[in-house]
Structure formats: C-alpha cells, structure tokens
Amino acid sequence: MPQLIVLPHEHLCPDGAALDAASGDTLCDSLIKAGIELDHACEQSCACTTCHVIVREGFASLNPSTEMEDDLLDKAWGLEPQSRLACQAIVDGADLVIEIPRYSINMVKEGH
C-alpha cells in the first residue's frame, strides 16, 4: 500500500501526516479518509480548484491530467508544474509527498 506524506499545513494538518493510501483512490479521498479536511467545493467533479495540491514527490506515478483539469488548474492559487487537483489525481502504487497550498480560491467554507 503506498504511503502518502502530507507536509505541514497551518490549518488542515499542522504537524504533517503520514498515511496509507489505497491504489485506485484519489488523493482527495485518501486525505478525507485520514481526517484531513481538504476543501472540495464541487463534490470532486472537477469543476473548481479548491482541492489543489502540489505533488513534491511521486508526481510521475499519478494518472495523467485531463485537458479539463489543466484548464481549471490555470485558475489555482500558487500553481506549480507539479500541481494537481486532488479529486482527479489517482494513487497508483508509489509513495507520494504532497503539499496543500496555503490558500485556495474558495471564498466561503462550510462549517466556519
């Protein structure tokens, strides 16, 4: 089972985390199952950029991004060459190190 290392994020995961991620799951599902409440305002339908993450290690092991995902990523805060939408990036056997950007374009957050 691949390991997912989450770098520290001030609000969502202050100490960072290491968790097991099932091959075939999206990064978003893996984070949510582990209790890391990553924004996903469009219910994981590839219609927003609130689940934007940066894959620091293991990027090449993920499924290729679609043109739709790439178009949306152009709107993400802090876009980098290793950026992905966590709702679209599927874990495929390799360990991953991800960073959750400090900000997203989500102007309203449920539960706050």
Q: Examine distances only and state if a side-chain atom of Thr49 and a backbone atom of Leu72 form a donor-acceptor pair shorter than 3.5 Å.
A: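 Absent.
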Q: Give every donor-acceptor pair under 3.5 Å between a side-chain atom in residues 51-63 and any protein atom, sequence neighbours left out.
A:
residue : atom : partner : partner atom : Å
His52   : ND1  : Trp77   : O            : 3.3
His52   : NE2  : Ser83   : OG           : 2.8
Arg56   : NE   : Glu99   : OE1          : 2.8
Arg56   : NH1  : Glu80   : OE1          : 2.7
Arg56   : NH2  : Glu80   : OE1          : 3.3
Arg56   : NH2  : Glu80   : OE2          : 3.2
Arg56   : NH2  : Glu99   : OE1          : 2.7
Ser61   : OG   : Gly58   : O            : 2.7
Asn63   : OD1  : Ile90   : N            : 2.7
Asn63   : ND2  : Gln88   : O            : 3.2

Q: Rounded to the nearest 0.5 Å, what separates atom SG in Cys87 from atom CG in Leu38?
A: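 Rounded to the nearest 0.5 Å, the SG-CG separation comes out at 9.0 Å.
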Q: Any chance you could measure Ile100, atom CD1, to Glu37, atom CD, to the nearest 0.5 Å?
A: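 These two atoms lie 11.0 Å from each other.
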Q: Using the ring-ring contact (aromatic ring centres under 6.0 Å, His included) rule, collect all pairs that involve residues 82-101, keeping only residues at least two apart or in two chains.
A: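 ring-ring contact (aromatic ring centres under 6.0 Å, His included) check on residues 82-101 returns no pairs.
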Q: Can you tell me which residue pairs pass the ring-ring contact (aromatic ring centres under 6.0 Å, His included) test with a partner in residues 13-32, sequence neighbours excluded?
A: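 Applying ring-ring contact (aromatic ring centres under 6.0 Å, His included) to every pair that reaches into residues 13-32, excluding sequence neighbours, yields nothing.
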Q: Rounded to the nearest 0.5 Å, what separates atom OG in Ser45 from atom NE2 in His40?
A: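 Output value for this atom pair is 10.5 Å.
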Q: If hydrophobic clusters are built by linking Ile, Leu, Val, Met, Phe, Trp and Tyr wherever their side-chain heavy atoms come under 4.5 Å apart, do Leu85 and Leu79 end up in the same one?
A: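 Same hydrophobic cluster.
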Q: Under a single-linkage definition using a 4.5 Å side-chain heavy-atom cutoff for Ile, Leu, Val, Met, Phe, Trp and Tyr, are Ile36 and Val91 assigned to the same hydrophobic cluster?
A: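 Linked within one cluster.
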Q: If you look only at pairs with a residue in residues 60-72, which of them pass as a salt bridge (charged side-chain N to carboxylate O under 4.0 Å, His left out), with sequence neighbours excluded?
A: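 Output for this query lists Glu69-Arg84.
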Q: Please tabulate, for side-chain N and O atoms in residues 2-10, each donor-acceptor pair with protein atoms closer than 3.5 Å (sequence neighbours left out).
A:
residue : atom : partner : partner atom : Å
His9    : ND1  : His11   : N            : 3.2
His9    : ND1  : Leu12   : N            : 3.0
His9    : NE2  : Pro101  : O            : 3.2
Glu10   : OE1  : Arg102  : NH2          : 3.3

Q: Provide the full list of side chain to side chain donor-acceptor pair (under 3.5 Å) pairs with a residue in residues 19-31, sequence neighbours left out, each pair given once.
A: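 Output for this query lists Asp25-Lys33, Thr26-Asp29, Asp29-Gln44.
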